[in-house]
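The structure appears below as structure tokens.
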Amino acid sequence: MKIGKTLVSADEIEAKLTEMGAAITRDYEGKDLLLVGILKGAFVVMADLARHITIPVEFDFMAVSSYGSATKSSGVVRILKDLDQEIENRHVLIVEDIVDTGLTLHYLLKNLSVRRPASLSLAALLIKDGVERPPLEIKYEGFHIPPEFVIGYGLDYEGKYRNLPYVAVVDSVD
Ligand code: 5GP
């Protein structure tokens, strides 16, 4: 595997997370905010985004796996790790690394909304353009990227490259 072109640089990510963190701080001032990161990919975004939020927040994580091949989402989602906390009457912000088919988030919104949170919103660093997906309101969005398979900043190729500080395409697979 070769790391291809950089789509979003570390500096661009940092600047965008600063903006997103400021917007979240403004919108949730005085509210009890729970950030929910979707493992594994979102752990990097979650850690960096949270440090740009200046109100007190709590963290929780869910781990999900989508049935289907490694690079294609099937829409059938299995919860590998559920939230540790109850979310009834709490303001919940789901933090995702990337929205591709949107099926994972669509499922999670359905699953979490029945637990009756005070509000349930989405933040995603990357959104793939040109992909058909169910309607999803992403309240805090980072970058729109072409519908290519990307790695870095939490996103893996066969379990690796999550630690790249930028987002790149995969150039060639040997
Ligand atoms: P969706 O349900 O929106 O199709 O995709 C959800 C998950 O698929 C993402 O959270 C991410 O883990 C994975 N995914 C989607 N697109 C990519 C990609 O381009 N690269 C990597 N490494 N994972 C992706």
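Order of listing sets the numbers, starting from 1, for every ligand and every atom in it. Starting from 1, each residue takes its place in the sequence as its number.
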Give the atoms of ligand 1, by number and element, whose distance to some non-hydrogen atom of [X] is under 4.0 Å.
{"X": "Lys128", "result": "16 (N), 17 (C), 18 (C), 19 (O)"}
{"X": "Glu148", "result": "19 (O)"}
{"X": "Glu96", "result": "10 (O)"}

Item to complete: Taking all non-hydrogen atoms of both residues into account, name the closest pair between Val169 and Glu148 and its distance.
Response: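 Taking Val169 first and Glu148 second, the nearest heavy atoms are CG1-OE1, 3.6 Å.
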Worksheet entry | Minimal non-hydrogen separation, Ala47 against Arg51, with atom names |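 Heavy atoms only, the tightest pair is O-NE, 3.0 Å.
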Which one of [options] has a non-hydrogen atom at the shortest distance from [atom]?
{"atom": "atom 18 (C) of ligand 1", "options": "Tyr157, Tyr153, Tyr107, Phe149", "value": "Phe149"}
{"atom": "atom 12 (O) of ligand 1", "options": "Ile38, Leu108, Leu39, Asp97", "value": "Asp97"}
{"atom": "atom 2 (O) of ligand 1", "options": "Ile151, Ile127, Leu136, Thr104", "value": "Thr104"}

Worksheet item: So among Val95, Ile13, Ile38, which one has a side-chain contact (heavy atoms from CB on, under 4.5 Å) with Val45?
Response: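 So, applying the side-chain contact (heavy atoms from CB on, under 4.5 Å) to Val45 and each of Val95, Ile13, Ile38, only Val95 qualifies.
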Worksheet item: More than 12 foreign heavy atoms under 6.0 Å from CD of Glu137: is that the case here?
Response: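 No, not enclosed.
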Discussion item. In this structure, does ligand 1 have an atom that sits under 4.0 Å from one of the heavy atoms of Lys40?
Written reply: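 No; Lys40 lies far enough from ligand 1 that no heavy-atom distance drops under 4.0 Å.
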Discussion item. I'd like to know if Arg133 contacts ligand 1, where contact means a heavy-atom distance under 4.0 Å to any ligand atom.
Written reply: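 Heavy atoms of Arg133 never come under 4.0 Å of ligand 1.
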Could you tell me whether the side chain of [Y] reaches within less than 4.5 Å of the side chain of [X], counting heavy atoms only?
{"X": "Met62", "Y": "Asp82", "answer": "yes"}
{"X": "Met1", "Y": "Ile151", "answer": "yes"}
{"X": "Asp60", "Y": "Lys81", "answer": "yes"}

Worksheet item: Are any of the N or O atoms of Val150 closer than 3.5 Å to those of ligand 1?
Response: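 Checking ligand 1 against Val150, an N or O pair does fall under 3.5 Å apart.
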Discussion item. Below 3.5 Å, N or O to N or O, backbone or side chain included: is there any such pair between Gly102 and ligand 1?
Written reply: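 Yes: some nitrogen or oxygen of Gly102 is under 3.5 Å from one in ligand 1.
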